[in-house]
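Heads up: numbering here begins at 1 and tracks the sequence. Just so you know, ligand 1 is whichever comes first in the structure, and atom 1 is the first atom listed for that ligand. A quick note: this is a predicted structure, and the numbers were derived from the prediction, not measured.
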Amino acid sequence: MFRRRLVAKKEEIARQRAWDSGTTPTAPERLPPGQHLVRPEQFPILDLGVHPPFDPTTWDLTLDGAVSHPLRIDWEQFRALPTVTQTRDFHCVTTWSKYDVTWRGVPFRHLAELAGVLPAAQHVIAHCGDLGYTTNVPLADMLRDDVLLAYELEGQPLSLEHGGPVRTLVPHLYAWKSAKFVRRLEFSEVDRPGFWEVRGYHNDGDPWAEERFG
Ligand SMILES: Nc1nc2c(c(=O)[nH]1)N[C@H]1C(S)=C(S)[C@@H](COP(=O)(O)O)O[C@H]1N2
Ligand SMILES: [Mo]
């Protein structure tokens, strides 16, 4: 029941095209099929309505599972890791897209190297601070250059609304795969469909293939 209501709500949002700017993109090949651009000043917030408070003295990030060196990194240690800044388009399965979002964060690959990923690892399950939200992404996708543990958005600390203090950014997949309030990255030998994946969303979520529903 819960599941059907949630999916129905998202489908309703998609139908209403709540964030459709009516803009015809100048370069349509940049916009995945079935997507609409938000106005440049808009950045919709989509989550379960819970934004866990951030306390830098207790926050930590765990990397565990199929790794040789499980890690627990506190805020100070996390902030000392190398970062990159990059600008990417952001595509939500409810059909809104936003061009040119600038993020700064730690490349996921750097963290994976620190943890020593074992050959058996095939999937990464992100565990989040809000109501046990999880999402699953193949390890190969997570190891792409532009997958980040993002903590700045447009040059500002990532707000709680957008998943602060740290979220994953997996820009080549629908945005539900970019885990807000992330606290744990589990390297898994087996796939484990996450919050939306078990509620009807596609397991892979490639916007170019319109992998919306499973
Ligand atoms: N922890 C967590 N991450 C989440 C979600 C959520 O509910 N909880 N929602 C997902 C969905 S459906 C979308 S579209 C994006 C939205 O990110 P935004 O609110 O920064 O636009 O976050 C994704 N990551
Ligand atoms: Mo979404």
Note to self: With no hydrogens and no angle check, just 3.5 Å: does a side-chain donor-acceptor pair link R104 and T83?
What the structure shows: yes

How long is the span from the [atom1] atom in [X] to the [atom2] atom in [Y], to the nearest 0.5 Å?
| X | Y | atom1 | atom2 | answer |
| --- | --- | --- | --- | --- |
| L111 | L149 | CG | CG | 5.0 Å |
| K177 | H172 | NZ | NE2 | 10.0 Å |
| W103 | L153 | CH2 | CG | 5.0 Å |

Given side chains that start at C-beta, do those of [X] and [Y] come closer than 4.5 Å, heavy atoms only?
| X | Y | result |
| --- | --- | --- |
| D130 | K180 | no |
| F90 | S97 | no |
| L61 | W59 | yes |

Which atoms of ligand 1 are found less than 4.0 Å from any heavy atom of [X]?
| X | answer |
| --- | --- |
| H162 | 18 (P), 19 (O), 20 (O), 21 (O) |
| F181 | 1 (N) |
| W96 | 21 (O) |
| D130 | 1 (N), 2 (C), 6 (C), 7 (O), 8 (N) |
| C128 | 1 (N) |
| C92 | 14 (S) |

Note to self: I'd like the name of whichever of A175, P44, S178 reaches closest to atom 24 (N) of ligand 1 through any heavy atom.
What the structure shows: S178

With heavy atoms under 4.0 Å as the rule, classify the contact between [X] and ligand 1 as side chain, backbone, both or neither.
| X | answer |
| --- | --- |
| Y133 | side chain |
| R167 | side chain |
| Y201 | neither |
| L48 | both |
| F43 | side chain |

Margin query: Counting only nitrogen or oxygen atoms and a 3.5 angstrom limit, does W196 reach ligand 1?
Written below: no

Check: Can you check whether D47 has an N/O within less than 3.5 Å of an N/O in ligand 1?
Finding: no

Check: Among pairs that include at least one residue of residues 81-91, which meet salt bridge (charged side-chain N to carboxylate O under 4.0 Å, His left out), considering only residues two or more places apart or in two chains?
Finding: R30-D89, R88-D146

Next item on the list: Describe, in one word, how the ring planes of F181 and H51 are oriented to each other, choosing from parallel (under 30°), tilted (30 to 60°) and perpendicular (over 60°).
Entry: tilted

Check: Does F90 come within less than 4.0 angstrom of ligand 1, counting non-hydrogen atoms of the residue?
Finding: yes

Next item on the list: Please answer whether the main-chain N or O of H162 pairs with a side-chain N or O of R167 as donor and acceptor at a distance below 3.5 Å.
Entry: yes

